[in-house]
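Here's the structure we're looking at; comments come further down.
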Amino acid sequence: MKTIDGKYYVLDDAELRSAHKVRREKDSKNVLRCQCPLCSANRKKEHRKEKCVAVYPDDGWGFCYNCGNWFWTEAWYDAHVAPKRSGHKAKEQKSIDLSLLRTDFPQAVVDYFEKERRLPMDLVRRMGIRWVPRTVDGREEIFIAYPTFDGARCVNVHYRPLHKEKGFSQEAGCDPIPWNVNSVVGHDTMIITEGRNDALACIQSGYEAVVSLGNGASSRMELFDAFRDTLFASVRTVIIAVDNDEAGNGAREKLLRYFGSARCRVVEWHYTDTESQSLCHAKDANEVLQQGGTAAVRACIEAAEWSPIVGQIQVEQWEPGLHEYYELGMIPEGVTIDLEQLARLEKLEKGYFGVTSGFPGSGKSTFTLFKALSLAVEHGWRICLYSPEKFPYKLLYHELATMLIGRRLARDTVDEETYRQAMTFLAGHFYVIDANRCKGVDDILDAARQIRLRFDTDMTIIDPANWVDQTQAKGGDPLERANYIIGQVVDFAQVENQLTWMVAHPRKPPLMKDGVAYVPEMWDIAGTSDYANKATWVEILQRDFVQKRTMVYVRKVRFGHLGCVGECCVRMDEDSHRFVGFRETTTDSGSVIQYVFEQADHSNWLISKSLQQQIEW
């Protein structure tokens with residue numbers, strides 16, 4: 001037999017040659033029985049030849065049912081443990097004298113375990129639990145002692161006062177390693193509880209590889225480090241069975257980070273009562289044992305679900321939406337605004353990112369505001385605006401009010417009541433981010449996120465993109481910082497389920513190309529090509545000041561149910577700042593001969609269409 005670090009034992013091949021195979025009726029698992037190299041020589045004469053060690057050669061471990069020690073087989077140790085221990089230096093642990101602890105349990109301790117905790121005393125004794133009297137405030141009190149073994153040595157003792165929830169202590173100068181850590185040898189599944197009595201409840205319920213955190217929920221995860229390449233070498237699944245309370249939630253998160261979500265299952269302490277068929281809830285494993293017995297504990301542990309992997313999309317997140325498509329037989333189209341020529345090209349939906357670009361003076365900002373106001377009036381959307389160019393912000397609201405009422409905002413054309421109604425509507429549908437306080441993309445999006453939480457907004461507009469301060473953006477050069485900004489905006493749109501729109505200027509282009517006015521492409525947007533790469537819609541505006549019309553070129557639509565690539569012609573009414581469409585006159589070949597301007601709409605959008613027909617302005 002080999003001894004590793006003075007505390008772990010390896011059965012050599014010579015000791016296993018004297019073993020005999022056990023015939024098992026329930027399963028065909030390979031099990032051998034042999035004498036224990038640690039305790040057999042010291043047993044009574046009539047028991048010295050008993051083969052008290054059960055060895056599982058396929059799993060590489062063995063257990064002595066007399067002295068309670070665990071063993072590796074030599075083949076398993078050489079193949080799986082030794083390669084990971086190259087350069088390993090054992091840390092010297094303090095050794096505890098167990099002779100100072102008592103095993104003659106008084107009736108109060110027996111009642112505590114058997115009546116209160118529903119834990120039999122034979123289990124308590126088998127797990128090495130003892131007790132010790134101590135004087136506290138002049139009175140002698142009973143403290144239960146939970147020895148912690150690392151291999152065959154006791155390296156710590158945790159003391160718990162009887163019938164008290166406070167006053168826990170442990171030996172000074174000892175590292176708080178997991179309690180009952182030896183039980184993990186050779187197992188591929190390990191249960192971790194928060195307290196020792198919870199671990200006892202799991203062991204009583206039939207589980208072997210059960211450990212408890214050394215200092216409860218406040219334990220540091222470093223207590224597992226010493227066993228990563230030894231006792232935990234064969235562990236593939238970790239069942240986290242901590243308490244269902246705030247402290248337990250914190251411990252659960254620490255354990256998930258340490259062991260990794262991929263191999264962790266999480267226990268929720270609730271079960272169905274067999275008699276009443278009602279759902280019962282409990283705080284921890286021992287409470288479940290007290291309420292429902294070992295069957296309830298097993299039901300909770302067997303029902304433990306795999307921890308979600310951070311970053312993985314779960315089926316439950318997208319299947320309901322897919323089923324909706326299945327029921328409809330189609331993917332629903334996005335919403336449109338009451339501008340027929342644009343409605344066939346752009347069907348807007350929350351959760352996506354769009355870009356408007358064009359030369360200065362092409363009407364990018366006004367056109368974007370017109371679309372936003374149309375969404376607010378026609379679909380009840382609420383809009384979050386970052387628009388530093390519209391400073392002071394009374395100019396922004398003046399433009400919105402003019403669009404909303406359909407007239408020049410003045411007392412001779414708009415009465416006081418209509419003005420107040422317009423202000424009420426705008427205050428309830430448009431929320432402006434202060435550009436003097438929020439300059440970087442992180443500040444802007446954080447403000448937009450808080451506005452969404454309070455006011456349930458549907459759309460966020462950043463106009464223009466070049467006003468976003470790049471000092472908060474990550475990256476070493478302007479291109480990397482611009483890409484970071486676009487990535488953050490796209491993530492914001494998807495996570496917050498916002499239609500997020502940016503107005504971006506193009507780079508300085510040639511004024512003419514092939515003898516005609518140059519129309520910028522989506523790749524001409526200044527800063528980065530990610531505007532075109534990551535956007536769902538890209539529209540380019542080109543204004544003809546002579547013909548008093550604006551061409552809207554929709555250069556990109558990512559999905560067919562959200563529109564199509566194409567172009568349309570619109571015109572801005574100078575009085576209302578609203579855009580109206582043209583009727584096209586075409587040749588037989590489809591070429592446009594002229595655009596016939598539709599009549600400007602000066603109706604008050606606050607009034608229903610049925611009433612608008614009765615009102616003469």
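Excluded from the calculations below are hydrogen atoms, water molecules and symmetry mates; all remaining heavy atoms, backbone and side chain alike, are included.
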Roughly how far apart are [X] [atom1] and [Y] [atom2], rounded to 0.5 Å?
X      : Y      : atom1 : atom2 : value
Ser362 : Met551 : OG    : CE    : 13.0 Å
Leu342 : Arg344 : CG    : CZ    : 9.0 Å
Leu345 : Leu562 : CG    : CG    : 12.5 Å
Lys283 : Asp245 : NZ    : CG    : 5.0 Å
Leu256 : Met221 : CG    : CE    : 10.0 Å

Can you tell me if [X] and [Y] form a side-chain donor-acceptor pair at under 3.5 Å?
X      : Y      : value
Asp524 : Tyr518 : yes
Thr356 : Trp501 : yes
Asn483 : Thr528 : yes

Using a strict threshold of under 4.0 Å (side-chain N to carboxylate O), is an ion pair present between [Y] and [X]?
X      : Y      : answer
Asp458 : Arg382 : no
Glu416 : Arg420 : yes
Arg578 : Asp601 : yes
Glu346 : Lys371 : yes

Donor-acceptor contact below 3.5 Å, side chain [X] vs main chain [Y]:
X      : Y      : value
Glu268 : Ala304 : no
Arg263 : Val235 : yes
His577 : Leu369 : no
Thr193 : Gly195 : yes
Lys350 : Gln498 : no
Arg454 : Gln450 : no
Asp415 : Glu417 : yes
Lys254 : Asn249 : no
Asp573 : Ser576 : yes
Arg265 : Ser307 : no

Take Phe425 and Phe430 through the ring pair (Phe, Tyr, Trp, His ring centres under 6.0 Å) test and state the conclusion after the steps. CA-CA 8 Å; Phe425 178 87; Phe430 286 85; 7.3 Å; no

Residues that [X] engages under side chain to side chain donor-acceptor pair (under 3.5 Å), provided they are two or more places apart:
X      : answer
Thr366 : Glu399
Asp225 : Tyr258
Asp477 : none
Arg408 : Asp412

Minimum heavy-atom distance [X]-[Y], with the two atoms named:
X      : Y      : answer
Ile486 : Tyr531 : CD1-CE2, 3.1 Å
Met403 : Leu373 : CB-CD2, 3.3 Å
Pro506 : Phe359 : CG-CD2, 3.7 Å
Pro388 : Tyr393 : CA-OH, 4.2 Å
Phe579 : Leu339 : O-CD1, 3.7 Å
Val432 : Tyr397 : CG2-OH, 3.4 Å

In terms of heavy-atom contacts, does CD of Glu305 have more than 12 from other residues, nucleotides or ligands at under 6.0 Å? no

For atom OH of Tyr326, decide whether the heavy atoms of other residues, nucleotides or ligands shown that lie under 6.0 angstrom number more than 12. no

According to the interplanar angle, ranging from 0 to 90°, do the rings of Phe224 and Phe259 count as parallel (below 30°), tilted (30 to 60°) or perpendicular (above 60°)? perpendicular

Over 60° means perpendicular and under 30° means parallel, so classify the ring planes of Trp537 and Tyr352, tilted if in between. perpendicular

For residues 479-491, which residue pairs qualify under salt bridge (charged side-chain N to carboxylate O under 4.0 Å, His left out), counting only residues two or more places apart or in two chains? none

I would like to know whether Ile525 and Val355 meet side chain to side chain contact (heavy atoms under 4.5 Å, CB included); could you show each step before the answer? CA-CA 10 Å; Ile525 300 177; Val355 179; 3.8 Å; yes

What side-chain donor-acceptor pairs closer than 3.5 Å can you find for residues 552-559, not counting sequence neighbours?
unit_1: Lys556; atom_1: NZ; unit_2: Ala532; atom_2: O; d: 2.6
unit_1: Lys556; atom_1: NZ; unit_2: Asn533; atom_2: O; d: 3.0
unit_1: Lys556; atom_1: NZ; unit_2: Ala535; atom_2: O; d: 2.9
unit_1: Arg558; atom_1: NH2; unit_2: Asn533; atom_2: O; d: 3.0
unit_1: Arg558; atom_1: NH2; unit_2: Lys534; atom_2: O; d: 3.3
unit_1: Arg558; atom_1: NH2; unit_2: Ala535; atom_2: O; d: 3.1

Would you check, one step at a time, whether the test side chain to side chain contact (heavy atoms under 4.5 Å, CB included) holds for Thr336 with Leu348? CA-CA 6 Å; Thr336 60; Leu348 306 176; over 6 Å; no

